[in-house]
Amino acid sequence: MNLLRQNHRSKIIAEQRLLETKKRLVESSETGTQEILKKYNSSLNGINSEETINDNRNEYGKNILSKKGADNVGKRLFRSFFNPFNIILVILAIISIIVDIILAPAGEKNYLTMSIIFAMVIISSIIHFIQEQKSATSANKLIEIIETTSLVERDGVLKEIPLDEIVVGDIIHLAAGDIIPADVRILQAKDLFVSQSSLTGESEPLEKFAEIDPNKNYDNVTDRPNLAFLGSNIISGSAKAVVVVVGDETYLGRVAAKVNEKQVPTNFEKGIRKISIMLTIIMAVVIPIVFLIVGLTTKHDGLQSPWIKALLFGVSIAVGLTPEMLPMIMISCLSKGAIAMGKQKTIIKNIKSIQNFGAMDILCTDKTGTITQDKVILERHLDVTGKEDSYVLKHAFLNSYYQTGLKNLLDKSIIQKTLELAEEDLSLDNLELHYEKIDEVPFDFHRKRMSVLVRSLKNNSVKMITKGAVEEIIHCCDTIYLDGKVQKLDKKVIKKVLAKVEEFSEEGMRVIAIATKKDSSPVGKFSVEDEKNMTLVGYLTFLDPPKDSAEDAIQQLHNLGVEVKILTGDNPLVTKAVCTKVKIPHERILLGKDLINMSDEELSIEVERTQIFAKLSPDQKARIINVLRKNGHVVGYMGDGINDAPAMKVADVSISVDTAVDIAKETANIILLEKDLNVLATGIKEGRKTHANINKYVKMTVSSNFGNIVSIILASIILPFIPLMPVQVIFLNLIYDLCCGSIPWDNVDSEFIKSPKKWEYKSILRFMLWFGPVSSIVDIMAFMILYYVVVPNQVGSQYKAIAETNKTLIKEFQKLFWTGWLVTSMWTQVIVLHFLRTDRIPVIKSNASWALSVMSIGGLVIVTAAPYIPKLNEGLILKALQPIFYAWLALFLATYIILLMIVKLIYRKIYKQFL
C-alpha cells in the first residue's frame, strides 16, 4: 500500500511540475524580446560574463536530462543477480534448505546442494555484471568522442559548446540538421520548419516564427509558433533563439518524468524471451512427471519418505534444465562484440544492436560519403552553352558563402574553388567585401534549392541568387543569360541544357544550376514565392569520386549475404555511373516520382528487384525501408544528413558517422568514426559471431539437458533407486556451466558468418528433439552396463541378489553406479560442446578456442577426480570405480561420437543447415 501511495504521490508531483513548465513557457511566448532578455540577464549578443552564466546555471539548473530508467551501476548489478533464471535457482535453493537441512534428521543434513546452487547464482551473476560493466565503461568512453554541440553566442562571439554547458539566457543559432538543445523562445526565424514528432507524434514539420498571433487561442503549449522544444530538430531554415528552460524542467523532461516509455523490443530480445518461455514450459511438464515416477517407484529407506526424495530429485532436475548461464553468456558475447567494434573505430550506442547488425541482410545507404569519398571537387563552372564562365562561379560563391543553413560539401567546394581562382581572376577576389547579404530562403528537400538576397556595396543594387537541382531551377526560369545578354528561355535551349547535363551525369558528375533575379520582394517579405521568373546563368559540375575501398567493401558485403541498395536524392544517371564503378548491380532504377502513385503492395515487389532508388524525398526513403521490413528483411540504413533521419528511425539498424548532423547521430544505433564500408563488414562479422556463440550455448545446453532428463526419466522407471542424487545432478550442472562460461570467446567457423542469421526458437526446439535423444541412447547403454556388468563385478553381486538387510552393500552399489553415470554424463556433455559447436569435424577441421579447451579439460579433470578426493567424494556420495570402468567409458564415448556424426549428417541433409 505504501508503495502504491508513493507512486500516486510521485505522479501528482510530476503533473504539477509539468503544469509549472507549461506556465513558464506560455509566459516566455507572450513576453516581448527585450523583457525576456532582461529577465534572464542576457542580450541579443548573448550573456556577456562568466559570472552570469554561473548564476543562471545555479538558479535555473543544468541542461542535463535525467533519463528515466537510465542505466547505471546499481541497475546493472540488480539486472545481473535478479533475472528469471536466477530467481528459479533461488527458489530451488530455498526448497533444498527446507528439505535437506530444516526437515532432515540430525545426521543427514546436507548443505552441499544449497551451497552449489548459490555458487551457480553468484558465479554467473558476477561474471554477467563484470562483462556488462566493462562494456558500459568502454561504450561511454567512446560516446564521449561524439558529443553533440550547439552554436551559442556569448558576448557577441559564436562558438560550439556541448549541450550540457548551455544555460538559461544563452542565445543559440540554429540551422537545418540541428537538434534543439533546450526549450527556447525564437527571436528571429527564416523559413524555419521544425519536426516535433518526438513530442507530439505529428509527422509533418511545423513552421515557426518569432511572433505569435495575440488574438489566437493555442490549445497546447507545443502549438505556439515562437517556442521550440528540447528533442525537436530543424528540418529547414534558420533561427536565433534564447534558452528559457533547461534539463529536467523542459517540456520533454517533464513529460518523461510523467510517462515511462518502454523501448520496443528488438528481434533479438523477442527471440531470447521465446526461448525462456519454451524452457519454462518444458520444465513445467517434465518436473511433475519425474516427481511422480520417483515418488511411486522409490522405496522408503527409513530416513526420508519417497516423496521427499522425489521432491529433492525434482529440484535437481529443474536446476539441470535451467540455463542459468544464458544471461551471462549473452551479455559476454554482446560486450565482446562491442569492445571489438570499438577497436575498429565503431561506437555501439546500443549493445543489443550488434545482434541486429549480424542479422542484417539488406543495407540501404545514400551514395555520398559512403560509396564516394565525401570530398566533392568543383570541376567546371559553365554558362548555358557549356563554356567556362567566372560570372557563374561568382554568383555561386555569393549564394554558398552567405547562406546561414547547413553548408554541405558542394558549398564548401564552391567557396574553396573561388578562393583558389581569385589569385588569377580579379573579378572573384574578395567578393564577400563587395557584397552583403540582406535575406535568404533556406534549402529544403522538397524544393531542392536555396536563395539569397545580396546587395552590391558598389552600386547598392540588390540581386537574388538561387542554386539547386537543374530541373528545379529551370522550372523557376523564363530567361537565360547568354553572351552578356538576357534572352528568352525556349524549349530548344532547355533541351540543349538538359542534354549537356545528362552527358555530365553519365560521367558520374553532379550538376547544379545557378539563376538570378533583380526584382524581388523586400527584406522581411522575401520568400519561396519569389523563386520564379528568374534568369538561368549557368551550371556547375562536381566530381565525387568513389572511395578506393568501396568496390572491395561492397564485394565483402555481398559475400556476407548483404545486398546493398542505394537510396539517394541525387540524379539517377550520376548514381548509376558511381554504382558502375564500384560494381553495384543496377538493372533497375526507380525514381521518387514513380513511387508517388505506387501502392505498398506494388512497391513490395519492386523493392526486391531494384538496386537504385534515386530522386527520393526523406519520407520516400523511410517508406522503402518499411516495405523491405514487412517483406521479412532485416534492414540497416547508413546516413549522415537531415534527409536520412526518417529512414534511420524506421530501420532495424541505423548507422551514422561522427561528422553527421546532430539528428542523424542521435538517431543512430551505431556510429562509425570512419565513413568506410569495410568497417561495416567487420561489424556484421562481429554480430554474426555473437549470434553464433549464443546460439551454440542455447542449442547445445538445451539438447544436452533434454537428453539427460529423458535418460533420468527412463532410468527412474527401470532402476530400483534414484539414478543420480540431487547433489550430484547439481554438481554436474555447475561444472558444465563453468565450461560453458568460455563459449563467448570460442572460435566461429567461417561458414557461420557467410549469411545473415535470425533468432528462430523453433529451430532450437527442433535441434533439442534431434540431438537430445542421441545422448539418451548412450546414457541408457551406460546405465545398463553399469547396473548389470561394471558395478556387480566390483561388489561381487547383482543388485537384486543383495539382501535388503545388507544396507552397506546396497549403499556401495548405488554409490558406484552414481559415480559411473556422473563421470559418463560429464564426458558426454563435454563431447557435445566440441562436436556440436561446429558443422565441421572437431579438432581435425575446427578447433575450439584455447579458453573453451582449457575449461573443458578442467571440468573433466574435476568430475573424473571427484570420487578419489576425500571429503568431496563423501559430500557427493561417490566411490572410486575399478580401472576397467574407463575402458567401458571409452566405448560409451566412441558410440556417442559415431551417433552424433550420423545424426549431424541426416539433420544437415534435411534442414540444409546445422546450427
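Side-chain atoms are counted along with the backbone in the values below, which use heavy atoms only and exclude waters and symmetry mates. For this chain, numbers begin at 1 and follow the sequence in order.
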For Leu158, what residues pass the side chain to side chain contact (heavy atoms under 4.5 Å, CB included) criterion, not counting sequence neighbours?
-> Leu151, Glu153, His173
Phe397 versus Glu432: any side-chain heavy-atom pair under 4.5 Å?
-> yes
Would you please test Ile171 and Asn45 for side chain to side chain contact (heavy atoms under 4.5 Å, CB included) and show each step?
-> CA-CA 7 Å; Ile171 300 296; Asn45 293 326; over 6 Å; no
Audit row: Lys593, Leu591, side chain to side chain contact (heavy atoms under 4.5 Å, CB included) steps and yes/no | CA-CA 5 Å; Lys593 64 181 181 181; Leu591 302 182; 3.7 Å; yes
Ser413 side chain vs Leu378 backbone, donor-acceptor pair below 3.5 Å = yes
Just how far is it from atom CG of Leu421 to atom CG of Leu426, taken to the nearest 0.5 Å?
-> 12.0 Å
Counting only N and O atoms by type, is there a donor-acceptor contact under 3.5 Å from the side chain of Lys437 to the main-chain atoms of Tyr401?
-> no
Any side-chain donor near an acceptor of the partner, Asp425 and Ser390, under 3.5 Å = yes
State whether Lys38 and Glu35 are salt-bridged, where the test is any N-O pair (Lys NZ or Arg NE/NH1/NH2 against Asp/Glu carboxylate O) under 4.0 Å.
-> no
Find out whether Leu590 and Ile624 are in side-chain contact, i.e. whether some heavy atom of one side chain is under 4.5 Å from a heavy atom of the other.
-> no
Answer yes or no: does atom CG of Asn597 have more than 12 heavy-atom neighbours from other residues, nucleotides or ligands under 6.0 Å?
-> no
Exercise: identify the closest heavy-atom pair between Ala182 and Asn63 = CB-OD1, 4.1 Å
One should read off an interatomic distance between Lys576 NZ and Cys579 SG, to the nearest 0.5 angstrom, of 10.5 Å
Under 3.5 Å donor-acceptor, Asp411 side chain and Ser400 backbone | no
Heavy-atom side-chain contact between Ile589 and Thr575 under 4.5 Å = no
Taking side chain as C-beta onward, heavy atoms only, is Thr365 less than 4.5 Å from Ile566?
-> yes
Heavy-atom neighbours of Glu423 CD exceed 12 at 6.0 Å | no
Check against side chain to side chain contact (heavy atoms under 4.5 Å, CB included), Ile514 and Ile465 = CA-CA 7 Å; Ile514 306 293; Ile465 305 170; 4.3 Å; yes
Quick one: does Arg623's side chain have a donor or acceptor within less than 3.5 Å of a partner on Leu595's backbone?
-> yes
Minimum heavy-atom separation for Leu163 to Ser150, with atom names?
-> CD2-CB, 3.7 Å
Might you point out which heavy atoms bring Gly386 and Leu382 nearest each other, and give the distance in Å?
-> O-CD2, 3.5 Å
Atom pair CG/OG1 of Asn430 and Thr418 - distance to nearest 0.5 Å | 12.0 Å
Do the charged groups of Arg449 and Glu472 touch, with an N to O distance under 4.0 Å?
-> yes
Which value, rounded to the nearest 0.5 Å, describes the distance between Arg455 atom CZ and Glu436 atom CD?
-> 5.0 Å
Please confirm whether the backbone N or O of Leu453 pairs with a side-chain atom of Asp439, one donor and one acceptor, at under 3.5 Å?
-> no
If every non-hydrogen atom of Leu680 is compared with every non-hydrogen atom of Met638, which pair is closest and at what distance?
-> CD1-SD, 3.7 Å
Salt bridge (Lys or Arg N to Asp or Glu O under 4.0 Å) contacts touching residues 377-404 (sequence neighbours left out) | none
Any side-chain heavy atom of Phe542 within less than 4.5 Å of one from Leu410?
-> yes
Carboxylate-amine/guanidinium contact Glu165 Arg154, below 4.0 Å = no
Using a cut-off of 6.0 Å, state whether more than 12 heavy atoms not belonging to Lys565 lie near its atom NZ.
-> yes
Would you mind reporting whether Cys476 and Thr466 have side-chain heavy atoms less than 4.5 Å apart?
-> no
Does Asp530 use its side chain to pair, donor to acceptor, with the backbone of Ser527 at less than 3.5 Å?
-> yes
Under 3.5 Å donor-acceptor, Asp170 side chain and Val152 backbone = no
How many angstroms lie between atom CZ of Arg224 and atom CD1 of Ile186, to the nearest 0.5 angstrom?
-> 13.0 Å
Shortest non-hydrogen contact from Ile480 to Lys488?
-> CG1-O, 4.4 Å
In terms of side-chain heavy atoms, does Arg185 have a donor or acceptor partner in Ser28 at a distance below 3.5 Å?
-> no
Residue pair His381 / Lys417, side-chain donor-acceptor N/O under 3.5 Å = no
Flag for Gln416-Glu420: side-chain donor and acceptor within less than 3.5 Å = yes
Any donor-acceptor pair under 3.5 Å linking the side chain of Ser656 with the backbone of Gly639?
-> yes
Hey, mind stepping through Val470 and Leu498 against side chain to side chain contact (heavy atoms under 4.5 Å, CB included) and telling me if it holds?
-> CA-CA 8 Å; Val470 176; Leu498 292 178; 4.1 Å; yes
The single option from Leu230, Leu227, Val168 that satisfies side-chain contact (heavy atoms from CB on, under 4.5 Å) with Asp183 is Leu230
Any side-chain heavy-atom pair from His434 and Leu457 closer than 4.5 angstrom?
-> no
If we ignore angles and hydrogens, is there a donor and acceptor under 3.5 Å between the side chains of Thr535 and Thr479?
-> yes
Give a yes or no on whether the backbone of Ala651 and the side-chain of Ser654 come within a donor-acceptor separation of less than 3.5 Å.
-> no
Any side-chain donor paired with an acceptor under 3.5 Å for Ser451 and Glu531?
-> yes
Is there side-chain contact between Phe229 and Ile180, with heavy atoms separated by less than 4.5 Å?
-> no
d(Ile414 CD1, Leu419 CG) to nearest 0.5 Å is 12.0 Å
What closest approach, in Å, do Leu187 and Ala210 show between heavy atoms, and which atom pair accounts for it?
-> O-CB, 3.2 Å
With distance as the sole test, does Tyr402 use its side chain to make a donor-acceptor pair with the main-chain N or O of Ile438 at under 3.5 Å?
-> no
